[in-house]
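Working notes, structure below.
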Amino acid sequence: MASVRTRDDSRLLVVETGAETPLTDRVRELESGKVRSVLDVGTALETLSATEIDCVVTAQRLDGTTGLELLERLRERDPALPVVLVPEEGDEGLASDAVAAGVTEYLPHRGLNELEATIDRALSTGTAERRRRERARQFESIFADPDAYSWTLDPDGRIRRANEAALEALDAGADESRDRSFATLSWWESEAVIGEAIDRAAAGTIARRELEVSVDGGRGTEPRTLDVTVRPVRDETGAVVSLFARAVDVTERVRLETELRQSEELHRVTLNHMTDTVLITDDEGAFTYVCPNVHFIFGYTDDQIHEMGTIDELLGPELFDREALAAEGVLTNIECTATDRAGREHSLLVNVREVSIQDGTMLYSCRDITTRKRREEALTALHGTARELLYAETEPEIADRIVADATDVLDLEASAALRFDTDENVLRPVAASSGMDRLHGPLPTRRANDDSISGQVFLAGEAQFFGDVRESPTLSDPTTELRSVGFVPLGDHGVFVVGSPEVDAFDEVSRELTELLAATAEAALDRVERERRLRDRDRELKRRNRQLTRLNRMNEIIREIDAALVGAETREEIERAVCERLTAAERFAFAWIGAADAAGERLESSAHDGSGRGREYLDSVSLSLDEPTEPAARTATSREVTVVPNVVDELHDEPWRRAALSRDYQSAIAVPLAYDEFTYGVLTVYADRPDAFDDTTRSVLAELGETIAAAIAAVERKRALLSDSRTRLEFDVADEEFVFARLARRLDCVLSFDGGVRQHEGTVAVFVTVDGAPAEDVAAAALDLVAVEDAQAVGDGDGSTVLLELSRPFLALRLADHGIVLHRLEATPETTRLVVDVPSSVDPAASADVVANAFTDVELRSKRTVERTAPRDLRADLLDRLTDRQLEVVQMAYYGGYFESPRERSGAEIAETLGISSAAFYRHVRRVQRTLFAVLLEEIGLPAAPSTGVE
């Protein structure tokens, strides 16, 4: 812990400008500590850099600047350094600005007579701040204590973390323990007892239980006693955010305490009427006898008093003159101050007498006169409390202050502050003294109505004092040990409660002091409320400005990337453009895109921003997918967005973090490049500051991943049309809900689809060849299915065709989105056979996953390589020259028997089916025929003159 600095050993720096230095002279008059004086801000900052300074005392008027500006610069360097601002002329505005800037103490020149006390308070405040910082480091030391079992828990009792001692004792790994209910550990015989302790801690109360458990001590299980404590951990708002559970083996202590109680019983029978504490020592001051009731004054057990060694440790050195005692034989009414185990000071009257009892030669009898002395000090303590409340900045701080000072000011053991919660209209306890916990227990939350004393006082705005609260008809807890209780309203903020186990403990003076203390707290709460509203408005404005700036920045990046994606013709161009745009103008430190290798064992980089640091980083980290730790590898395995707010977290647990930090990569995000359940890799972005990826940025980058995947899918489809070599995959589909399979089973026929998909708004039209059933029956049955919007029979009898209009997405289109071509689909009453062609640029394994995701039960039957021939190029050329409507008309004519000899259906009949005129039908057919002949003639090298007529 940080040592408490006082003026006697402190190093002070005084900053003031001018020939006259009244402030420096005044500080030096204190004649304590080491005082240095400088005349300007620059020298002051250099001094602080070169010399350890415990407190800075500065004037407001300085050459070229002010004490407030110096304060702001000091706060940037050291937020905990005590600073005392001593303006020549002080006012409320300057005082408010100083408090807002973080001044430790504010004292105008007219109050220089209080400079000594002000510096002492500043030093004390600085020490307290250092202590708060050390507590965090101490927690880790306590948590890792090998002699205790420790856990951190969620408020609902699920384990977040356990120390090595707990894991070893329970023979469990860290992953196995995480997210497990603490109450269900094998140690506990009663899950309810631990569960109740967790509930109490989650409600804000420390819960402690001594439990008998069976522990494996290496020689089989043996009964042990554990002292289990569950403590609430609160955030700055006072809300319980987690729990800290600690179990200590106290088997030996429990045994010793049992023996001690048996021994103490005899002493209590003998000394139960004694009110004074009796101590006997030898000539050297070592204890030879300590009476059992020593704890009434000092709080220690007699064994603990013996462990102190000598009477000087308890009552202080040089308590009396040895020569005077030798001359008189007895010295009476020696007044001294002693501190009990809880840190409370007691005023004592001590009588010392020479004796000869066994090894003892001096007998001390101590009488506690603390109550009498505290009454004299009450008004002085109240003044100090009011001064402290002047600088309090939060409601909990004010509540803690009045509760902590109530014992000194009012000489009452129990005190508590109830805050009015405007969200729920209840009076909620926010601070309570140890005496309140001991005498009454945890205070409940009460509705702000007439059902409770505190509610009545809050609503009426008038204080109530009870000589014996048990006589009140509104008393809610008759088991309380409190008798005298006072309730004083704190304006609109809540109620202040003080009490004592004694009846009629309030006299006229104590009532007045209680109301004065409450009024002082109310004024401080009003001030804090006003300042908080101002701060909240400022923070909200700053938050919105930051959010708008980030949003504009991300929009600019996305616009640039979208423009690059539109112009890119290959996957390599897309990936390279994305990485370059993300790192341009120092937007982010590094970006790269990777995908799993052919074996699926590790990630391989396919594009990055080209920086040397980035290449070095990728070469130095493990991108294995077996045990992924790097963000990109984690996303590749989970297909979820991975965000690392700060790489320093768990720095020594994951090697990639050290590699990233060494290159100033301080936060990272990895997003999957996924489109329609198909993954094209992972985009990973690193920033040179922690917490660079807020919720907005995460959402935008996640959507960007989908956009990139869609762009890659588009270029893959384009390449698929131009690719000659491809892999043909053949599947057996056993999905009873598939439309083709249901129709085949229902009509006991065979349905075949060989291509020809026409897209309409919200639907797709496909031609299906029917074998074994009339086309009209198939069309009628299809209309009963939800997935079929419309159905028409094209041609008569078996072997004819049915035009189905299906709801999107249709399988062929889903496959085409990933560059996969549906080659053939045949459904029989027994099974469905599916054949697809996968271009060389597309991963066959991933393509098989796309097919598998489309059905409930799929089995890959064969895989082979096929080469596309020239007619495929003719088909692509023909498709480029024809419109969707022209293709739809000629398909209907073909499947409807128009081209048969003799014709099965006339052009007029097919036109009626299509809902167009006969002239339009013949025009479309002629256009398709002419285009087909033109493509064929061009292919064999003959000129094909374009039509000059009107069709």
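Note that the structure is a prediction, hence the values are computed from the model and not measured.
Note that CG of Leu153 is 12.5 Å distant from CZ of Arg161, once rounded to the nearest 0.5 Å. Here the OG-CG distance, from Ser365 to Leu349, works out to 9.5 Å after rounding to the nearest 0.5 Å. To the nearest 0.5 Å, atom CG of residue Leu243 and atom CD1 of residue Ile206 are 11.5 Å apart. If you take CD1 on Ile198 and CZ on Phe182, they are separated by 6.0 Å, rounding to the nearest 0.5 Å. For the atom pair OG1 of Thr118 and OH of Tyr106, the computed distance is 12.0 Å after rounding to the nearest 0.5 Å. Rounding to the nearest 0.5 Å gives a distance of 11.5 Å between CD of Glu522 and CD of Glu515.
When all heavy atoms are compared, the tightest approach of Ala247 to Trp151 is CB-CZ3, 4.0 Å. When all heavy atoms of Leu439 and Ala414 are compared, the closest pair comes out as CD1-CB, 4.4 Å. Summarising the geometry of Thr277 relative to Asn293, their closest heavy-atom pair is OG1-O, 3.8 Å, with the distance given to 0.1 Å. Closest approach of Asp54 and Ser10 over heavy atoms only: OD2-CA, 3.4 Å. Scanning both residues, Leu412 and Phe506, for their nearest heavy atoms gives CD1-CE2, 3.5 Å. Taking every heavy atom of both residues into account, Ala505 and Ser484 meet most closely at N-OG, 2.8 Å.
Ser96 places no side-chain N or O within donor-acceptor distance of the main-chain N or O of Glu92, the cut-off being under 3.5 Å. Here the side chain of Thr480 pairs no donor or acceptor atom with the backbone of His440 at under 3.5 angstrom. A donor-acceptor pair is defined here as one N or O able to donate and one able to accept, closer than 3.5 Å; such a pair exists between the side chain of Arg246 and the backbone of Ile142. Panel note: side chain Thr474, backbone Ser452; no donor-acceptor pair is recorded below 3.5 Å. One N or O on the side chain of Thr514 and one on the backbone of Ser510 form a donor-acceptor pair closer than 3.5 Å. With Gln456 contributing its side chain and Asp450 its backbone, the two residues share a donor-acceptor pair below 3.5 Å.
More than 12 heavy atoms of other residues, nucleotides or ligands shown are found within 6.0 angstrom of CD on Glu540.
Two residues are said to be in side-chain contact when any heavy atoms from C-beta on lie closer than 4.5 Å; Glu395 and Ile398 fail this criterion. Side chains of Ile453 and Phe466 form a contact here, defined as non-hydrogen atoms less than 4.5 Å apart. A heavy-atom distance below 4.5 Å is not found between the side chains of Asp492 and Asp526. Proximity of Thr152 to Ser242: side-chain heavy atoms (C-beta onward) are nowhere separated by under 4.5 Å. Side-chain contact check for Arg75 versus Val83: some heavy-atom pair is nearer than 4.5 Å. Contact of the Cys366 side chain with the His346 side chain is not registered, since no non-hydrogen atoms from C-beta on lie closer than 4.5 Å. Inter-residue side-chain proximity for Leu71 and Leu85 is flagged as unmet; no heavy-atom pair is nearer than 4.5 Å. With a 4.5 Å cut-off on side-chain heavy atoms, Pro489 and Phe487 do not count as touching.
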Inset, instruction - Please test Leu534 against Arg530 for side-chain contact (heavy atoms from CB on, under 4.5 Å), starting from the C-alpha separation and ending with a verdict. - result: CA-CA 7 Å; Leu534 290 174; Arg530 291 193 300 270; 5.8 Å; no
Legend entry - Worked check of side-chain contact (heavy atoms from CB on, under 4.5 Å) between Arg209 and Ile194: CA-CA 8 Å; Arg209 303 287 185 271; Ile194 294 297; 5.7 Å; no
Legend entry - Trace of the side-chain contact (heavy atoms from CB on, under 4.5 Å) decision for His493 with Arg419: CA-CA 6 Å; His493 305 284; Arg419 176 182 173 273; over 6 Å; no
Inset, instruction - Applying side-chain contact (heavy atoms from CB on, under 4.5 Å), run through Leu23 and Thr58 and close with a yes or a no. - result: CA-CA 8 Å; Leu23 182 57; Thr58 178; 5.9 Å; no
Inset, instruction - Check the pair Asp154 / Arg160 against salt bridge (charged side-chain N to carboxylate O under 4.0 Å, His left out), numbers first and verdict last. - result: CA-CA 7 Å; Asp154 284 327; Arg160 288 185 184 174; 2.3 Å; yes
Under 3.5 Å, which donor-acceptor pairs do the side chains of residues 226-235 form with other protein atoms, sequence neighbours left out?
unit_1: Asp227; atom_1: OD1; unit_2: Arg208; atom_2: NE; d: 2.8
unit_1: Asp227; atom_1: OD2; unit_2: Arg208; atom_2: NE; d: 2.9
unit_1: Asp227; atom_1: OD2; unit_2: Arg208; atom_2: NH2; d: 2.2
unit_1: Arg234; atom_1: NH1; unit_2: Gly238; atom_2: O; d: 2.8
unit_1: Arg234; atom_1: NH2; unit_2: Gly204; atom_2: O; d: 2.8
unit_1: Asp235; atom_1: OD1; unit_2: Thr237; atom_2: N; d: 3.0
unit_1: Asp235; atom_1: OD1; unit_2: Thr237; atom_2: OG1; d: 2.6
unit_1: Asp235; atom_1: OD1; unit_2: Gly238; atom_2: N; d: 3.2
unit_1: Asp235; atom_1: OD1; unit_2: Ala239; atom_2: N; d: 3.0
unit_1: Asp235; atom_1: OD2; unit_2: Thr237; atom_2: OG1; d: 3.4

Without placing hydrogens or testing angles, list every side-chain donor-acceptor pair under 3.5 Å for residues 422-429, not counting sequence neighbours.
unit_1: Glu424; atom_1: OE1; unit_2: Arg428; atom_2: NH2; d: 3.2
unit_1: Arg428; atom_1: NE; unit_2: Asp421; atom_2: OD2; d: 3.4
unit_1: Arg428; atom_1: NH2; unit_2: Asp421; atom_2: OD2; d: 2.9

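Ring planes of Phe244 and Phe143: tilted class, angle from 30 to 60°.
Between Arg533 and Glu529, at least one side-chain N (NZ, or NE/NH1/NH2) sits under 4.0 Å from a carboxylate O, which counts as a salt bridge. In this structure, Arg535 does not pair ionically with Glu393, as no charged nitrogen and carboxylate oxygen lie closer than 4.0 Å.
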